[in-house]
Structures are given as C-alpha cells and as structure tokens.
Amino acid sequence: MGKVILIVEDDPNSMKLTTDLLGILGYTSIKAVDGKQGVEAARVHQPDLILMDIMMLNMDGYAACHAIKAAPETKKIPVVMLTAVGYELNKRLAAQMGADGYLTKPFTRQQLVEAITPFV
C-alpha cells in the first residue's frame, strides 16, 4: 500500500479529480467532506498528508488545520491547503493556522505533484 492522503473537500467534482489524480500517482485516498470530519479522520487514520479545502460548512479549513496542528496525536501530519482562494492574505492566514503548503485550484497534475512531494 502506498502513502495515504486525506482529502478534505466538500465539492464532489474537486474530490473526484483529486482522488483520481492521487490514485494514478499511486497514493491511497481517504475522504472527508468538511473540517469536522477531516479532524476526526486525521485522528483515526493518521494519514501521511492532508489536502484541505478552505471554504466548507460545519468547520472551515483554517479551523480544521488549526485543530489538527493543536492536537498532539495529529500535529506532525503535514497539511497542504487546496483551495480556489489564492490571495496572499489567505496564504498567510493558512500558514498562521499551521498549514505546511498551499495549492490554488484549478491545478495541473504537475502542480499537485510539486505540492505533495516534499511531504510523502
């Protein structure tokens, strides 16, 4: 089994695209559709990497990233924000919440590879 990547994404099309690309690249995906599910999935599954959307219901990606990085059992899991929001302010806020990387949608296969390679 390859490395496991948790995808936290509420848009079904983005989820499918990301899951399919990761599968082609040899990674196993775990899915969560909001920040709360993402935090729980990170705790239970201890993935090698988390790809986190920002704008989601129940708990946004910033809060979920902060919760993951604040918990002793998940704080060392790298989190790459994967979002349509590309403003510098959002990138800085993501970094303040503990994000290890930032990738803006839409992205190419090569951009995804470059974003995840340092962590898996």
Side-chain angles (χ1 to χ4, degrees):
M1 183 168 118
K3 299 278 186 170
V4 176
I5 299 177
L6 169 60
I7 306 167
V8 187
E9 171 65 67
D10 62 347
D11 177 64
N13 293 327
S14 291
M15 176 70 82
K16 178 167 179 21
L17 172 68
T18 307
T19 302
D20 289 352
L21 275 174
L22 291 173
I24 290 167
L25 296 169
Y27 298 103
T28 301
S29 297
I30 300 170
K31 303 173 188 174
V33 297
D34 64 39
K36 280 187 170 184
Q37 281 187 15
V39 171
E40 181 64 13
R43 188 184 63 73
V44 170
H45 298 287
Q46 295 288 307
D48 297 292
L49 174 66
I50 300 169
L51 295 176
M52 178 81 68
D53 188 20
I54 291 179
M55 296 181 293
M56 298 178 289
L57 297 176
N58 295 324
M59 178 187 279
D60 69 23
Y62 297 124
C65 180
H66 184 264
I68 288 165
K69 293 299 189 171
E73 65 271 21
T74 55
K75 70 181 178 184
K76 292 187 178 175
I77 301 170
V79 177
V80 173
M81 304 309 273
L82 185 61
T83 179
V85 182
Y87 301 112
E88 283 304 313
L89 175 64
N90 299 93
K91 291 178 184 179
R92 284 197 305 273
L93 181 55
Q96 289 172 357
M97 294 297 114
D100 299 283
Y102 200 98
L103 180 60
T104 304
K105 296 185 273 189
F107 55 86
T108 66
R109 177 179 172 168
Q110 185 59 36
Q111 288 169 322
L112 179 63
V113 168
E114 289 170 5
I116 67 175
T117 298
F119 307 109
V120 289

Side chain to side chain donor-acceptor pair (under 3.5 Å): pairs with one or both residues in residues 53-65, sequence neighbours excluded: D34-N58, Y62-N90
Side chain to side chain donor-acceptor pair (under 3.5 Å): which pairs involve residues 64-85, sequence neighbours left out? K69-D100
Mind checking whether L93 and V8 sit in one hydrophobic cluster, side chains of I, L, V, M, F, W, Y counted as touching below 4.5 Å? yes
Can you hop from Y87 to I54 via hydrophobic side chains spaced under 4.5 Å? yes
Rounded at 0.5 Å granularity, tell me how far [atom1] in [X] sits from [atom2] in [Y].
X	Y	atom1	atom2	value
I5	I50	CD1	CD1	10.5 Å
L49	Y27	CG	OH	8.5 Å
E88	Y102	CD	OH	9.0 Å
K3	L25	NZ	CG	14.5 Å
C65	I77	SG	CD1	11.0 Å
I7	I30	CD1	CD1	9.5 Å

Is there side-chain contact between [X] and [Y], with at least one heavy-atom pair below 4.5 Å?
X	Y	answer
I116	L51	yes
M59	V39	yes
Q111	T104	no
F119	V79	no

Show me the side-chain donor-acceptor pairs of residues 13-22 shorter than 3.5 Å, one per line, residues at least two apart or across chains.
from : atom 1 : to  : atom 2 : distance (Å)
S14  : OG     : D11 : OD2    : 3.0
K16  : NZ     : D20 : OD2    : 2.7
T18  : OG1    : S14 : O      : 2.8
T19  : OG1    : M15 : O      : 2.7

Ignoring hydrogens and geometry, is there a side-chain-to-backbone donor-acceptor pair from E40 to Q37 under 3.5 Å? no
Q46: what forms a side-chain hydrogen bond (donor to acceptor under 3.5 Å, both in side chains) with it, not counting sequence neighbours? none
According to salt bridge (charged side-chain N to carboxylate O under 4.0 Å, His left out), who are the partners of D48, at least two apart in sequence or on a separate chain? none
Tell me every residue that passes salt bridge (charged side-chain N to carboxylate O under 4.0 Å, His left out) with R92, counting only those two or more places apart in sequence or in another chain. none
Of all heavy-atom pairs between [X] and [Y], which one has the smallest distance, and what is that distance?
X	Y	value
A115	V80	O-CG2, 3.9 Å
G35	M56	N-CE, 3.7 Å
D10	M55	OD2-O, 3.3 Å
L6	P47	CB-CG, 3.8 Å

Is there a side chain to side chain contact (heavy atoms under 4.5 Å, CB included) between L103 and L112 once you walk through the steps? CA-CA 8 Å; L103 180 60; L112 179 63; 4.0 Å; yes
For K105, look at atom NZ and say whether over 12 heavy atoms of other residues, nucleotides or ligands are found less than 6.0 Å away. yes
Quick one, M52 with I68, criterion side chain to side chain contact (heavy atoms under 4.5 Å, CB included). Give me CA distance, side-chain angles, the key distance, then yes/no. CA-CA 11 Å; M52 178 81 68; I68 288 165; 3.7 Å; yes
